[in-house]
There are 2 protein chains.
Amino acid sequence: MNLRELAAHLGLSQTTVSRALNGYPDVAEATRRQVMDAARQFNYRPNPAARRLATGRAGTVAILFPVERNLLVDPHFFELLAGLADMIARTEMELSLRATPPDQELDNYRRLVNAGRVDGFVLSSPTLQDPRIPELAALGAPFVVHGRTEVALPYAYLDIDNEDAFARATALLLDLGHVDIALLNGDPALGFAVDRERGFRAALAERGLAPFEGRVRNAPMTEETGYRSARALLERPERPTAILASSVLLALGVYRAARDLGLAIGRDVSVIAHDDALPYLKAETFDPPLATTLSPIRHAGYRLGEMLIDRIAGVDPQNLQEILTCDLVFRASVAPLRGEDGPRRGPTSAASRSRTKDDPRSSDRRPAR
Amino acid sequence: MNLRELAAHLGLSQTTVSRALNGYPDVAEATRRQVMDAARQFNYRPNPAARRLATGRAGTVAILFPVERNLLVDPHFFELLAGLADMIARTEMELSLRATPPDQELDNYRRLVNAGRVDGFVLSSPTLQDPRIPELAALGAPFVVHGRTEVALPYAYLDIDNEDAFARATALLLDLGHVDIALLNGDPALGFAVDRERGFRAALAERGLAPFEGRVRNAPMTEETGYRSARALLERPERPTAILASSVLLALGVYRAARDLGLAIGRDVSVIAHDDALPYLKAETFDPPLATTLSPIRHAGYRLGEMLIDRIAGVDPQNLQEILTCDLVFRASVAPLRGEDGPRRGPTSAASRSRTKDDPRSSDRRPAR
DNA sequence: TTGTACGCGTTATCAA
DNA sequence: TTGATAACGCGTACAA
């Protein structure tokens, strides 16, 4: 069923039917009702290709992600994608997923815009001076950013308050008596990593403190790097008593390193991580449960879809800037600093989780390796 | 730059230019060369909307995934998606990602096909009698399946030899003396779970054995369910001495459960898992390193893209059926069954990884809880 | 081997 | 308030 057939059936011209369907003002209310009813009845859907040809709009939003062969694609990216796809599916738009070699990324944006194949983009994981932002702005293409950068342009973004979240997490640890706190952060080229470090340092500075030597580490956010970093930090006698991690995967590595070294999470070293709520790896099922700064990334994807559609509809980017506050979720991976009498250095049995119940195992401690 | 302008520039008709570009035979070689050169020079790209309108082909392949609010989307799905997107990006096609409420999934396939909006689909995670397969076959829409089902239709698929992989893994455990082996499997409605269980049982049957009571467990493949299942299995005195897990995430939960119970992976309980090679969670970095049946799922996504394009081009589905053999990767999570003299039941220190070096810790054993 | 002419289904312009 | 008509850019019978 196409427009011509629908118009013929109604005894109207295509023009009128088209206008009725698209909400133009200059059409009689009675006519509109007729048209709408018939369209619904025949389950009429405008042909997107024809519409695209006629309007020049693509009816498509895209998200590009750089891939190198066998290279890591951040699982957070996909979780964002799930929310975005969910949102876009509720509209008439399509979501086009495009992989690109990293060195051709800007080119691809340009091409897609110039060819009119895409109406708007979602940018994720912006770097501090992300070249995509001025590029797309210059091209006049609508876009929304997941995160913020230092680019001095009025662009639409959705971000979490990373600085505040990590400042609050740090303050919590300080309140519990911790002083030597480490930060396992992501790639320092990424905006969120900078913000988190800033929050971390700010909270320390507020009490006249600063990070100890070598306590801030940047690396890709995988279990493996979390392990390596934590291991390097914790195996020395003058180890930090608390660790902030930028992702739950990093924290997973921290837990493994602690076990390796016979340290009990919570008792010997407190851990707080940022939690993007990956559905298959939950902080609350860690052992012990992992304290987090929480902000579900899938919801961010959903909201970014809404914002992008607004942006495409012409909403001013200044009015599309949102910062979400993270919840700080306290769990057993965090505990007060143990007193001077406690074994500040001596690693203890890894089987410490039962200590709260019936088996303190204070006699179970062994000397460090 | 469009076709008309290009033709005008060359002093040719649009028809000739179009035919030259699209590889029609009836065009002079000299003309073709001219046209090709000019097209390259002006960086001419046919307008996809116009082409779609003229040909009826959409130039788009799609992958649908069911989402319910806050529901788990399998991380393996996304890893497959990464490979698929990578492949499709090398073609002129687009990849459309579509979220759908589970109860409208079939409807969505129908609509997309009937409206001519999609040229082909990749189906992932097929159930045993997957209704999508007969539906799409009836619609005449090209599709390829990641996995196999029991549907009696000649459809294109790419699968791994799950039965063989789990039979070999089981056989390895049997060779090492294990008899009481458990299987932590995925949703039993999914084909791969059935195949794996079949392989598991076959290998046992070959030695006149069968799984012990309650040793086969089905559940979603998350860390949490892996933990629960393993915990239930391992906390009883008559526990299995080896566990097969259908995913690395499940194995992660198994490791946690073992630690909880003071059991050493490898020594007290051997573990093998299937590894789809999620880049951010590597079996080789487990502690101890996790033995696996390995088959990178991203590569499967890539290959499925190639196959789908062939299928759309008209290749017979019978000629698009591939089964990949998994590698069996031996690592320290697997060890021979300990002799009768060993503490078959008594849990031991979790800090067992150093036992191979300088500290056997044979005196370190504690009674079970 | 090349060109003419039309159709794909829609929206936009203009006149009625 | 409605309708005829012309794009949009391409592919393809059919004619030359």
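In what follows, chains carry the letters A, B, and so on, assigned in the order in which the sequence lines appear, proteins first and then strands, with residues in each chain numbered from 1. Hydrogens, waters and symmetry mates play no part in the numbers below; they use all other heavy atoms, side chains included.
End-to-end axis angle of the helix from C:dT1-D:dA16 to C:dA16-D:dT1, using five pairs per end and rounding to 10°, comes to 40°.
Partners of B:Y44 by ring pair (Phe, Tyr, Trp, His ring centres under 6.0 Å), not counting sequence neighbours: none found. Qualifying ring pair (Phe, Tyr, Trp, His ring centres under 6.0 Å) partners for B:Y109, counting only residues two or more places apart in sequence or in other chains: B:F121.
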**OP:** Classify every nucleotide of nucleotides 9-16 of chain C by which part a protein heavy atom approaches to under 4.0 Å, writing B for the base, S for the sugar-phosphate alone and - for neither, in 5'-to-3' order.
**Re:** BBBBBB--
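Mapping heavy-atom proximity under 4.0 Å, the span of DNA chain D touched by chain A runs 5' to 3' from D:dT1 to D:dG9.
Of the candidates A:I63, A:L308, A:L95, A:L95 is the only one forming a side-chain contact (heavy atoms from CB on, under 4.5 Å) with A:I88.
Listed pair B:T16 / C:dT1 fails the phosphate criterion, with no side-chain N or O lying under 4.0 Å from OP1 or OP2.
Here salt bridge (charged side-chain N to carboxylate O under 4.0 Å, His left out) pairs that include residues 116-129 of chain B, with residues two or more places apart or in two chains, number zero. For residues 137-154 of chain B, the salt bridge (charged side-chain N to carboxylate O under 4.0 Å, His left out) pairs, not counting sequence neighbours, are B:R148-B:D159.
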N/O donor-acceptor pairs under 3.5 Å from side chains in residues 24-40 of chain B, not counting sequence neighbours:
unit_1, atom_1, unit_2, atom_2, d
B:R32, NE, B:A20, O, 3.4
B:R32, NH2, B:Y24, O, 2.3

N/O donor-acceptor pairs under 3.5 Å from side chains in residues 309-320 of chain A, not counting sequence neighbours:
unit_1, atom_1, unit_2, atom_2, d
A:R311, NH1, A:V315, O, 3.2
A:D316, OD1, A:Q318, N, 2.7

Kindly list each side-chain donor-acceptor pair under 3.5 angstrom involving residues 132-145 of chain A, sequence neighbours excluded, with atom names and distances?
unit_1, atom_1, unit_2, atom_2, d
A:R132, NE, A:D130, OD1, 2.9
A:R132, NE, A:D130, OD2, 3.3
A:R132, NH1, A:E105, OE2, 3.4
A:R132, NH2, A:S124, O, 2.9
A:R132, NH2, A:D130, OD2, 2.9
A:E135, OE1, A:R110, NH1, 3.1
A:E135, OE2, A:R110, NH1, 2.7

Just list the side-chain donor-acceptor pairs under 3.5 Å for residues 54-62 of chain A, sequence neighbours left out, or say none.
unit_1, atom_1, unit_2, atom_2, d
A:T55, OG1, A:R51, O, 2.8
A:T55, OG1, A:R57, N, 3.0
A:T60, OG1, A:A58, O, 3.2

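Rounded to the nearest 0.5 angstrom, A:L21 CG and A:L6 CG are separated by 7.0 Å. Summarising the geometry, atom CE belonging to B:M307 is positioned 5.5 Å from atom CG belonging to B:L158; distances are rounded to the nearest 0.5 Å.
Less than 4.0 Å separates DNA chain C from no heavy atom of any residue of residues 6-13 of chain A.
Looking only at atom types and distance, the side chain of A:T15 has no donor-acceptor partner in the side chain of A:S18 under 3.5 Å away.
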